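Structure first, then comments.
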Amino acid sequence: MKRILFVAMMMMAVSASVSAPAWADQASAIAAVRQQPRVVDVSADSQGNMYVLVKAENLTWPQYAAFMCKVVAPHQARIFRVRVVELTKAVRTLPEAKWDRLGEASCGR
């Protein structure tokens with residue numbers, strides 16, 4: 001029984017150390033995106049989607065989303081898709097995946 005508990009504790013310690021850098025990378029990527037022009041707020045989910053909230057302007061939003069992928073890339077965060085959402089369309093009572101998007105881009109590796 002003690003062996004089983006020891007193995008379980010070791011597995012939890014290893015899994016905690018493996019996932020910690022991923023969250024730190026995601027936090028630094030979010031901070032980098034927040035510093036970009038036109039960005040009001042940023043969030044990311046556990047599936048690798050990043051939601052960038054902006055004020056509506058006349059821009060090519062898919063290109064802006066692709067630019068956000070380039071901002072995120074050096075941080076090696078688990079961000080696979082960037083979705084640009086107008087601030088007024090982000091209904092906090094709905095899941096983020098249901099928000100209307102101005103543009104989106106796949107952050108291929």
Side-chain angles (χ1 to χ4, degrees):
M1 183 67 174
K2 287 182 182 179
R3 255 190 201 159
I4 293 173
L5 288 175
F6 177 74
V7 170
M9 293 296 286
M10 293 302 293
M11 288 176 61
M12 288 185 351
V14 169
S15 67
S17 66
V18 169
S19 65
W23 287 112
D25 295 340
Q26 193 175 55
S28 68
I30 288 172
V33 170
R34 277 200 176 115
Q35 294 175 354
Q36 300 305 311
R38 297 179 178 83
V39 175
V40 177
D41 195 15
V42 181
S43 63
D45 62 17
S46 60
Q47 280 82 36
N49 299 307
M50 176 177 276
Y51 297 91
V52 180
L53 301 178
V54 296
K55 292 181 181 177
E57 293 182 36
N58 251 350
L59 285 178
T60 324
W61 292 112
Q63 286 180 346
Y64 190 77
F67 169 70
M68 290 297 138
C69 285
K70 290 181 180 180
V71 171
V72 169
H75 298 275
Q76 298 179 352
R78 291 182 167 213
I79 302 297
F80 305 117
R81 183 165 288 286
V82 172
R83 295 176 171 156
V84 179
V85 179
E86 184 185 349
L87 182 62
T88 59
K89 303 285 185 181
V91 180
R92 300 291 180 170
T93 57
L94 292 175
E96 293 169 331
K98 296 203 182 238
W99 292 350
D100 290 333
R101 299 175 199 116
L102 294 171
E104 68 180 87
S106 177
C107 302
R109 302 241 179 233

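The structure displayed is predicted, hence computed values, not measured ones.
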Would you kindly confirm whether L94 and L87 end up in one hydrophobic cluster when ILVMFWY residues are joined by side chain heavy atoms under 4.5 Å apart?
-> yes
Run the side chain to side chain contact (heavy atoms under 4.5 Å, CB included) check on V40 and K55 step by step: do they pass?
-> CA-CA 7 Å; V40 177; K55 292 181 181 177; 4.0 Å; yes
Closest heavy-atom contact between V42 and R34?
-> O-NH2, 3.2 Å
Looking at OG of S43 and CZ of R83, how far apart are the two atoms once the value is rounded to the nearest 0.5 Å?
-> 11.0 Å
What residues, two or more places apart in sequence or in another chain, satisfy side-chain hydrogen bond (donor to acceptor under 3.5 Å, both in side chains) together with Q63?
-> none
Taking all atoms of both residues into account, what is the closest heavy-atom pair of V84 and V54, and its distance?
-> CG1-CG2, 3.6 Å
Any side-chain heavy-atom pair from I79 and M68 closer than 4.5 angstrom?
-> no
Taking C-beta and beyond as the side chain, do M50 and I30 meet within less than 4.5 Å on heavy atoms?
-> yes
Looking only at heavy atoms, the pair that brings R92 and W99 closest together is NH1-CH2, 3.9 Å
Is any side-chain heavy atom of N49 closer than 4.5 Å to a side-chain heavy atom of E96?
-> no
Any side-chain heavy-atom pair of Q36 and F67 under 4.5 Å = yes
Y64 and W61 aromatic ring geometry - parallel, tilted or perpendicular at 30°/60° bounds | perpendicular
Taking all non-hydrogen atoms of both residues, which atom of V71 and which atom of P74 are closest, and how far apart?
-> O-CD, 3.4 Å
Nearest heavy-atom pair of A105 and P62: which atoms, and what distance?
-> CB-O, 4.2 Å
Under a 4.5 Å cut-off applied to non-hydrogen side-chain atoms, are D41 and Y51 in contact?
-> no
Considering all heavy atoms, the nearest V33-V72 contact = CG2-CG2, 3.7 Å
Residues forming a side-chain hydrogen bond (donor to acceptor under 3.5 Å, both in side chains) with E57, sequence neighbours excluded | R38
